[in-house]
Each structure stands twice: as C-alpha cells, then as structure tokens.
Amino acid sequence: MFMKLFQNEWMKMNSKRQGLYFNLFIIVLMGGIGLVIKLFVKGASEEMDAYTFLSLLSQMMPMIIMLFGVVIGAQIVTDEFKDGTIKQLLIRPASRASVLMSKYVAAIGMFLLTYVVMIVAGFAIGAVFFGVGEGSIIDQIVSISYGIPFSIFLLTVSFAAGVFTTSLGLSIGIGLFINIFSSMFGLMAGTKEWSKYVVLKYTSLAPYAKGAVDSLGVNMWFALTIIILSIALFAILSIVRFKTREIN
Amino acid sequence: MSNDNIVVQLEHVSKVIGGKTIINDLSFSVERGEVYGFLGPNGSGKTTTIRMMLGLISMTKGEIYIEGHSVRKERSKAVSYVGAIVENPELYKYMTGYKNLIHFARMSATPVSKERIQEIVKLVDLEKAIHQKVKTYSLGMRQRLGIAQALLHEPSILILDEPTNGLDPAGIHELRDYLRKLASEENIAVVVSSHLLSEIELMCDRVVIIQNGQYVDERTIKGVDLTHQKQPVAIEVDDRVLAKQLLEPYDIINIEQNIVVVNLEKGQIPDVIAQLAQHHVRIYQVATQKESLEDMFLSLTKGGER
C-alpha cells in the first residue's frame, strides 16, 4: 500500500510540474553563472574547470535548493487541504500515518532528485564552458552535500507546520524563519556548551569534514545524530497531529 | 447486526464540539438496494454525520457499523466498502480524469483492473474527455467523474453529500435515474443527503429527517403498502351526534361542526361509509387527510429559521 501511495504522490508532484520547472530554473541559473564567468571574468575563467566550477556552485546552489525543499515540504500537505482533496485521501482504507509518510518520503525524494540534477548539470555545464580538468568527483559531491541533512530538517519543519497550520504561506514562513534563526543562533550561542545539543548549530556539516572535531568536542557523527533526532521529532509530531485531526 | 441486509447502522451517535451538541443520539440503518435520503435543513448536522460515517471526524458517543465493521475500531476495513463524495467532488484539477481514476484505484483495498476503469469511464459517459485535465471539465462532468471514483472499487454503499449542488435540471435528472439504477441493479445501498425535499422525494425509497442534530422522523416514500396504515379521514355528515355514536368503535380524532375526523385503515373506509348510510346519515364528503412530507418538512424548516 505504501508504495502505491508514494506513486500517487510522485504522480501528483510531476503533474503540477513544479519539480520540472524548478530543475529547469536551476539549470538555466547555473548556465548563466557559467556564461558570465566565461565571458567577463577572464582570469578566473582560464584557471577554472568542471570541478572548480562545481565547488563554486556549492557556495550558493544548496541554499536555493533548500528553499525549494521548504516549499515542497509545506505544499505537499497544504495543497490537499486547500483543494479539499484531503478528504478523498482519508475516506479510503490507507491509514492516516501512511498517507502522511508517503507524502513526506515523496517530498524528500523530490528534494534529493533536485540535488542530483544540480550536481550532474553543474558538472556538465562546467565541462562545456571550461573543460573537464582534473579532480575527484566524489570529493566534490561530498562537500556539496554537507548542507543536505539540515535542509531535510528544514523540509521536515515546514512539512510539520503544514500539518499543524494547513496554510502554505505560514508553513513556508516558519521554515524560513527557522533557517534565519539558525544562522543567528550560530553567532550568538555557538560557543556555549549546551548549544551542541541544538540542531540549529548544524546548518552545515563542513566543519566536521575528514574527522575534524570542533571546540565543543562535536564530531560528524554527533552532529548527524542530533539532526536525525530532530527530524524524527518533527516527523512524529506531524503524524500525531495528523492522526487526531478532524477533517472539515 | 443480525440482519444481513443492513449495510450501514448508526447506533446512538452523538457529536459534541466545544460543549455544543451537534448530533444528539442519532440512530438509523440503511439496507442493500435502497436509496436512503438524509434530509434536514442547512446546519442540521447532515454533513457532520456523513463525516463521522467516513471516519473524517471522531464521534463523541455511539457506534457506526459498515458491513458489520465499526468505523471507530476498524476504520480501514469499514471504509473499504464505501464510495463517497463529500460536498463537492474533490478532484485533482491539474491532472487528467484518467490519472485521477488511477490515483484512486491505487488507494483501493482490492485491486482495480484497467478494464474496470474503462468500464466505469464508459458508465459515466466520459470516454471523450477522460484524457483531458479536470480543470477543463464542466460541473456536470466533474460530478460524473466524482461518481466514477466513488464506484471504482465496487463498494456496497455509496454516500453522497448534497450530490445535486450546482447541477442543472438535466444533470439532476440524469443523476437521479442513475442512482436508482445503481440501487436496483447493483444492489448498492445509496445514502443521499439533501436540504431539498423535492429532490429526496423523487430519488429515495426511505428518508430520515433530522433537525438540530436530532432524529425527527423516518418515512417510507416509494412502494409503501398503504392498506394497513391508518390515516385521518374527514367525513362531513348532517347528523354528527348519530355519526359519533356509530363511529364509537373507531378512533375518533376530532369533531368540528359537522365534520368528523376518524383514524382509519384504507380497508375500513367503505365499511364506515356503508354503516353511516345504513343508518341514514347523509354524507356530503369523505376526504383522507394525508399529512404530506412537505407539510412536515416545511414546518420543520421554518422552525429552524426562527
């Protein structure tokens, strides 16, 4: 049953074309960046290859895709409430928890797919403009992926906000607020001992790359554990709320 | 649940929201092969009841059984027998009609074949438009697609909340014929809610009337055997004293001027007239006073507006 529910969610997302348009948007954006560097930044363009281009993209693209993740996380639930189709899902045999989780998994799937598109298309665009060059693609993929866990956390927050508020605007707003608040949090409380238990500290895992440990003794695995626990907390909250919700 | 013919049974169902009783101790049951009307003025609790039947909202008290399965305890099993349209047919407008049907077929407890989908598309006469997006559909077409999605998994009960809302007269006529056909040919129990009496009268076999969330009455509309049902009969005579004497054995309701009102079965009417005539009571007119559903419903609705 879960697989069929997932297929449904995937079909609906693709029918709305939001994934398609967003992927086209990031491809065009990356192409534009490549073109500008090629034409106007002479010095950089000569030293650049597909690997360095990708590492340049990793400065900004994950941020944009994170926003997309927040939007689809919120939208996949709130759209059904907006259109009244939520009733259609819940008057059928599938349990509420599995309906909700199929949506969650589909949203994460769409988010990760966009990441893949960004890496593949970014590399291809870099290769076309600047040549392939030499480097390790694995290293590039790993470093570009350090933001993924926190992005999934934010997607989960906006998803849960969608279940609680059923309002698209509010849910996206909450996701974005948490994102802005997390950078403030890092500046204000990042050195305090207790901050290591707060997910907001781990917007990127880059500081813990290659076995690095920060001043609070946090390593990659500790950071990842905190993020996963926080994701689980919001996912469970959303299920609990959804199960008891009266559908009017 | 001794009666195998009963598909849906509500037992003393109540719903309280924020201290306010929306539904109060409501009980009724629906049988296979009948179109059952659920009639009440706006705000009387029809939609709330239907939502409880489908498990969309919880009940405060009571039980609802569908094919013997409690909606409270075995919701998944219970609703697998149900096809429904709650308020408007809610569909995914950005997808084609066909994709909508695929979507709902995947959610069925029992597998729905491609052939079944084709069959149902033909049944609701949407073959030409099925591969167009639903946003291009007229309201009538959406309504038909709504019925198609509700019938895909061959449910034993179809629940429709205000199904004729927004339909033109031709559409209403079509829907009515279709629902009657479903009930009689496929032996499906059909529950239709409405605030319009005329609609219910034309469509339904039986009707339950509710007001302010409370049971008011249940009536049989179609195929009623009137022979043994007592009705008030007004008889205008010249000598009401004698008439009263003669009618003593019967159930006299009222005597006003020269009109005697007696509660009689249909078969008793000729006997009574013969008896009066035998004793030379002159009879000017005999009229059965049927309290119509309409009178009752109108007085109800007025009561609701006050």
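Per chain, numbering begins at 1; letters A, B, ... match sequence-line order. This one's a predicted model, so the numbers in the text were calculated from it and none came from an experiment.
- Between A:Met11 and B:Tyr92, every side-chain heavy-atom pair lies at or beyond the 4.5 Å cut-off.
- Using a 4.5 Å cut-off between heavy atoms, A:Glu80 contacts chain B through its side chain alone, with no backbone atom that close.
- Atom NE2 of B:His103 sits about 3.0 Å away from atom NZ of A:Lys12, to the nearest 0.5 Å.
- When each of B:Lys93, B:Gln149, B:Met53, B:Lys77 is scored by its heavy-atom pairs under 4.5 Å with chain A, the top score falls to B:Gln149.
- Sparse packing is recorded around OH of A:Tyr197, with 12 or fewer heavy atoms of other residues, nucleotides or ligands lying under 6.0 Å away.
- For the pair B:Arg51/A:Lys87, a side-chain contact is recorded, criterion being any heavy-atom separation below 4.5 Å from C-beta on.
- Of the listed residues (A:Ser15, A:Gly84, A:Pro93), the one with the most heavy-atom contacts under 4.5 Å to chain B is A:Pro93.
- Looking at B:Ser108, only its backbone comes within 4.5 Å of chain A, counting heavy atoms on both sides.
- Proximity to chain A involves both the backbone and the side chain of B:Lys99, based on heavy atoms less than 4.5 angstrom apart.
- Between A:Thr85 and B:Leu91, every side-chain heavy-atom pair lies at or beyond the 4.5 Å cut-off.
- Looking only at side-chain heavy atoms (C-beta outward), B:Tyr94 and A:Arg17 stay at 4.5 Å or farther from each other.
- Between A:Asn8 and B:Met107, the closest side-chain pair of non-hydrogen atoms falls below 4.5 Å.
- The two atoms that bring A:Ile91 and B:Ala84 nearest to each other are CD1-CB, 3.8 Å, heavy atoms only.
- Residues A:Asp83 and B:Glu90 form no side-chain contact, since every pair of their non-hydrogen atoms from C-beta on lies 4.5 Å or further apart.
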What pairs of donor and acceptor atoms, side-chain ones from residues 230-239 of chain A against any protein atom, are under 3.5 angstrom apart with sequence neighbours left out?
{"unit_1": "A:Ser230", "atom_1": "OG", "unit_2": "A:Ile226", "atom_2": "O", "d": "2.8"}
{"unit_1": "A:Ser238", "atom_1": "OG", "unit_2": "A:Ala235", "atom_2": "O", "d": "2.6"}

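- For B:Arg75 (side chain) and A:Arg92 (main-chain N/O), a donor-acceptor pair under 3.5 Å exists by modelled atom type.
- Expressed to the nearest 0.5 Å, how far CG of B:Leu56 lies from CG of A:Leu89 amounts to 10.5 Å.
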task: Report the C-alpha separation of A:Asn248 and B:Ile57 in whole Å, then their side-chain angles, then the decisive distance to 0.1 Å, and conclude whether the side-chain contact (heavy atoms from CB on, under 4.5 Å) test is met.
output: CA-CA 8 Å; A:Asn248 285 309; B:Ile57 59 178; 4.0 Å; yes
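- Looking at A:Leu90, the atoms closer than 4.5 Å to chain B (heavy atoms on both sides) sit in the backbone and in the side chain alike.
- The CD1 atom of A:Ile247 sits 11.0 Å away from the OG atom of B:Ser58 when rounded to the nearest 0.5 Å.
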